[in-house]
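Comments concern the structure below.
Atoms within each ligand, like the ligands themselves, are counted from 1 in listed order.
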Amino acid sequence: MPKLGVNIDHVATVRQARKTFEPDPVWAAMKAELGGADQITVHLREDRRHIQDRDLRLLKETVHVKLNLECACEKEMLDIACEVKPQRVCLVPEKREEVTTEGGLDVAANFDRVQSAVKQLHDAGIFVSLFIDPDAAQIEASKSLAVEAVELHTGTYANAKSDQAQHSELLVLQKASEVVLTHDLLLHAGHGLNYQNVIPVAQIDGMEELNIGHSIIARSIFVGLEDAVAEMKALCS
Ligand code: PXP
């Protein structure tokens, strides 16, 4: 059964809409933990559109499960990560104008940059995963960087417009997952997963962790965060 990382960025999105103090992602993390989250995930973006530096620092103090920081391979972010020391960092690509993370990190094309980021994080004792497309070349490049895990981007699967297209994207994810496991990397996945599409991904052999944000926070508006997390956790199992 994969572990569930709950991404609470969009709690901060609502707060930042008014630049006020509520809802506080620190409260959200507590509710997510009560609902059964195995990990709290946040993305500190360069433009600080949702999670703020203060959130990350407080979450490091208050989260009792693992804290997973998503960030770009930028000096500012890496220095913050090494200072705050979340248990895990997932390196992601980041474009200022994007609505959400579009596509995986091109590890093969940015090898030296990613290598130096991984080294800095490893020197600080941080577990590193790379958010990549389900593609053998990216998995092999990740393996050669000696990271602990890769998170396969499930966005193309999640956005597929027909059952047939979704099925063929699931096959892509299954094939990539086999390559990940052959290389002795931990297998994570995420992006666009929701209550309707999560089960086939959770059932992939060797799936160790799913990171899910938007759908859980959206449901929490109606049922509360603790229940929204518990429902997702039940689907993952
Ligand atoms: N994993 C990674 C690396 C991400 O960047 C995101 C989005 O921040 C997610 C998972 C969660 O995606 P979603 O909000 O679509 O569930």
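- When heavy-atom distances to ligand 1 are checked against a 4.0 Å cut-off, H191 comes that close through both its backbone and its side chain.
- When non-hydrogen atoms are compared, ligand 1 lies under 4.0 Å from the side chain of E151 (C-beta onward) but not from its backbone.
- Once rounded to the nearest 0.5 Å, the distance linking SG of C90 with CD of E151 reads 4.5 Å.
- The two atoms that bring I217 and V11 nearest to each other are CD1-CG2, 3.8 Å, heavy atoms only.
- Salt bridge absent: R45 and E74 never bring a charged side-chain N and a carboxylate O closer than 4.0 Å.
- Under a 4.0 Å heavy-atom criterion, S215 is not in contact with ligand 1.
- Here the protein heavy atom with the shortest distance to atom 15 (O) of ligand 1 is G192 N, 2.8 Å.
- The nearest heavy-atom contact from the protein to atom 14 (O) of ligand 1 is H214 N, 2.9 Å.
- An N or O contact shorter than 3.5 Å is missing between C90 and ligand 1 by distance.
- Nearest approach of G103 to P93, heavy atoms of both residues: O-CG, 3.3 Å.
- Listed by number with element, the atoms of ligand 1 under 4.0 Å from a non-hydrogen atom of N7 are 8 (O).
- Considering only non-hydrogen protein atoms, atom 9 (C) of ligand 1 sits nearest to E70 OE2, 4.0 Å.
- In H167, the NE2 atom is not crowded: 12 or fewer heavy atoms of neighbouring residues, nucleotides or ligands sit closer than 6.0 Å.
- Atoms of ligand 1 found under 4.0 Å from any heavy atom of V92, numbered from 1 in the order shown, are 3 (C).
- Between D38 and K233 there is a salt bridge, since at least one side-chain N of the basic residue sits less than 4.0 Å from a carboxylate O of the acidic one.
- Here's the thing with I212: none of its N/O atoms is less than 3.5 angstrom from an N/O atom of ligand 1.
- The distance from the CG atom of L91 to the CD atom of E70 is 10.0 Å, given to the nearest 0.5 Å.
- Atoms of ligand 1 lying under 4.0 Å from any heavy atom of N211, numbered from 1 in the order shown and given with element: 10 (C), 11 (C).
- If you check which protein heavy atom lies closest to atom 16 (O) of ligand 1, you get G213 N, 2.8 Å.
- A salt bridge links D24 with R54: the closest approach of a Lys/Arg side-chain nitrogen to an acidic carboxylate oxygen falls below 4.0 angstrom.
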